[in-house]
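What follows is a short report on a single structure.
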Amino acid sequence: MPEPLLELRNVSKAFRVGAAFLGPKKWARAVDDVSFQLYERDTLALVGESGCGKTTTGKIAAGLLKPTEGEVLYKGKDIWKMNRHEWREYRRSVQIIHQDPYASLNPMLTIYKSLSAPLFRHKIVETKEEAVDKIAELLEMVGLTPPEDFIWKYPHQLSGGQRQRVVIARAMSVNPKIIVADEPVSMVDVSMRLQILHLMKDLQEKFGVAYIFITHDLATGRYFASDGRTAVMYLGSIVEYGPTNDVILNPQHPYTKALLSAIPEPDPIKTRQKKPMQLRSLDVPSLLNIPSGCKFHPRCPFYKPGLCDAKKPGLIDVGGGHMVACWLYGE
Ligand code: SF4
């Protein structure tokens with residue numbers, strides 16, 4: 001097995017909630033003991049409902065948040081123990097694409113200004129002429145042609161899909177090894193989504209970039225990470241993990257089964273025939289009051305009293321690297 005490019009080892013992140021004068025400290029554990037590896041040209045989809053910790057995990061992987069516990073290793077080195085030079089190299093190599101392309105571009109800056117800043121900062125270009133040439137190349141690469149029609153425009157003059165292409169061009173401008181894509185198409189017109197996903201896969205093919213693809217939409221995650229792996233998160237923990245097709249076509253964890261059973265089919269007759277899994281409760285517990293044992297036990301129809309609420313299940317391999325954290329498969 002090659003050395004992972006990026007590895008999260010038992011990473012947790014807790015946020016303090018509420019003001020100090022309101023009483024004793026309360027902590028929300030947004031990410032709880034998460035581990036995974038990412039290799040060159042790899043794709044890992046992190047999927048789950050909002051609040052499950054996937055965005056926080058992505059920010060930790062990109063070095064934007066420091067974990068409370070655990071380690072983040074880039075090429076085997078703990079990123080929080082790197083020297084200045086190593087840190088700079090890591091931050092260049094791991095780029096993040098946010099959900100909202102409008103918020104990630106400064107509305108006061110032209111596309112030239114937004115894209116030239118990282119090029120100068122990382123000394124990829126030295127003069128304005130070089131920057132214009134490089135940006136034209138990047139805009140062509142992401143399908144914004146002819147580039148002269150875009151380079152001097154402001155973000156508000158572009159469509160949502162075009163803005164997200166600019167954001168992708170900016171991420172690619174510094175030759176990254178990894179892109180953390182946080183819901184990259186959820187704010188793009190439905191008609192443009194597939195094109196953006198194709199573009200990202202093409203860039204992976206051409207430049208060997210690896211992706212952490214964060215989404216609440218299992219169908220999009222399955223499409224994007226069909227040749228990679230998927231991790232399903234619930235209340236800050238990975239509950240199921242493995243090759244994407246195994247996880248989606250043969251889900252083992254009750255939570256993954258519940259998520260998949262709730263997805264409508266394109267055929268309305270099939271959707272009507274589909275029976276969503278009946279959960280014991282529809283309420284997602286608060287991060288301030290995490291259930292004991294298996295965090296899914298208050299909602300799980302397979303709950304075993306005295307076991308599921310007493311002991312937290314660890315991830316166990318049910319075959320071919322397909323890991324599940326559930327007492328139905330252990331003890
Ligand atoms: Fe359900 Fe128990 Fe499995 Fe948790 S450990 S998912 S409560 S069966």
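From a predicted model like this one, the values you see are computed outputs, not experimental measurements. Ligands are counted one by one from 1 in listed order, and the atoms in each one are counted from 1 as well.
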Ring centres under 6.0 angstrom apart (W152, Y112): yes
Flag the pair P155 / L158 as yes when at least one side-chain heavy-atom distance between them is below 4.5 Å, and no otherwise. no
Between Y241 and F36, is the ring centre distance below 6.0 Å? no
What protein N, O or S atoms come within a distance below 2.8 Å of atom 1 (Fe) of ligand 1, ordered by chain and number? C300 SG
Can R229 and D246 be counted as an ion pair, charged N to O under 4.0 angstrom? no
Spacing of R299 atom CZ and Y255 atom OH [to the nearest 0.5 Å]: 6.5 Å
Whether over 12 other heavy atoms sit under 6.0 Å from K113 NZ: no
